[in-house]
Amino acid sequence: MIELKSASELETLNRANCVVHRALSAVREAAVPGVSTFELDELAEQIVRDSGGEPAFKGYRGFPATLCTSINDVIVHGIPSKAARLRSGDILSVDCGVVLDGFYGDAAITVEVGEVGEDAQRLIAITRQCLNDAVQQVRPGGHIGDLGAAVQQRAEPAGYGVVREFVGHGIGRALHEDPQIPNYGVSGRGQLMKPGLVIAIEPMITVGSWRVRVDDDGWTARTEDGRLAAHFEYSVAVTSDGHRVLGLEEQ
Ligand code: MG
Ligand code: MG
């Protein structure tokens with residue numbers, strides 16, 4: 001069931017997402033060679049709690065941390081670890097969820113660590129553009145299929161793969177609500193977007209195959225072929241005249 005949000009609920013969702021982006025900005029600055037993903041996780045948790053929120057991922061189906069930290073061939077759901085120290089040339093997807101006053105925020109960025117190769121830079125740039133293209137399709141009267149179609153039209157002509165196994169989602173009083181938001185689709189198909197719908201759009205794009213394998217820890221999702229992946233996510237509200245990306249006001 002899709003729950004549309006009121007104006008006051010949207011404001012709370014926006015505040016939750018402001019906390020997410022505050023944590024992501026700090027992690028972006030701190031993600032330098034030699035730092036462990038455990039240290040980045042501690043930093044994010046401190047910011048989330050100082051902001052009056054709680055980490056949303058910690059304890060979610062047993063996930064142990066505030067952030068998902070996914071390095072290089074890890075697409076999503078990497079677990080922060082003292083052993084995982086960043087090296088120059090790595091790319092790191094950082095995904096953060098927060099619950100604040102009963103509402104959830106969820107966003108992700110992929111950051112470059114030190115000096116990164118041209119292939120990785122291009123992957124990151126195109127993945128960010130996939131997200132922006134999808135966001136531009138968010139409007140009343142549009143369809144969910146418009147979003148995935150926009151992602152595919154950006155990624156596939158560039159030679160990249162679009163991950164199928166994981167999808168975006170509605171967000172609100174729960175971290176994952178209906179509807180699902182696949183990163184593939186056909187324009188004009190799927191559910192109709194109405195004002196008050198809030199969705200997390202999160203393209204996961206790969207240099208090679210989009211096939212996924214999950215490590216024995218049950219979380220860490222890698223590309224099957226070991227090649228690079230990138231991931232960006234925004235929580236976005238459908239408004240009466242278009243859309244609003246949540247949590248960016250204080251940037
Ligand atoms: Mg996320
Ligand atoms: Mg999400």
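When a ligand or atom number is given, it counts from 1 through the structure's own listing order.
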Inset, instruction - Taking atom CZ of Arg49 as the centre, report whether more than 12 heavy atoms of other residues, nucleotides or ligands fall under 6.0 Å from it. - result: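 Yes, the 6.0 Å shell around CZ holds more than 12 heavy atoms from other groups.
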Legend entry - Of the N, O or S atoms in Asp95, the one nearest the Mg ion (ligand 1): OD1
Inset, instruction - Tell me, please, if Glu202 has any N/O/S atom, main chain or side chain, under 2.8 Å from the Mg ion (ligand 1)? - result: no
Legend entry - Rounded to 10 degrees, the angle OD2 of Asp106 makes with NE2 of His169 at the Mg ion (ligand 2):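 OD2 of Asp106, the Mg ion (ligand 2) and NE2 of His169 span an angle of about 90°.
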Inset, instruction - Restricting to N/O/S, name the atom of Glu233 that gets closest to the Mg ion (ligand 2). - result: OE2
Inset, instruction - Please say which of Val74, Leu40, Ile109, Thr110 ends up in a side chain to side chain contact (heavy atoms under 4.5 Å, CB included) with Leu92. - result: Leu40
Inset, instruction - Please report the C-alpha distance between Arg28 and Val94 in whole Å, then the side-chain angles of each, then the deciding distance to 0.1 Å, and finally whether the side-chain contact (heavy atoms from CB on, under 4.5 Å) criterion is met. - result: CA-CA 8 Å; Arg28 176 196 292 281; Val94 185; over 6 Å; no
Inset, instruction - State, without any angle test, whether His243 and Gln137 hold a side-chain donor-acceptor pair at a distance under 3.5 Å. - result: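 No, because no side-chain N or O of His243 sits under 3.5 Å from a partner of the opposite role on Gln137.
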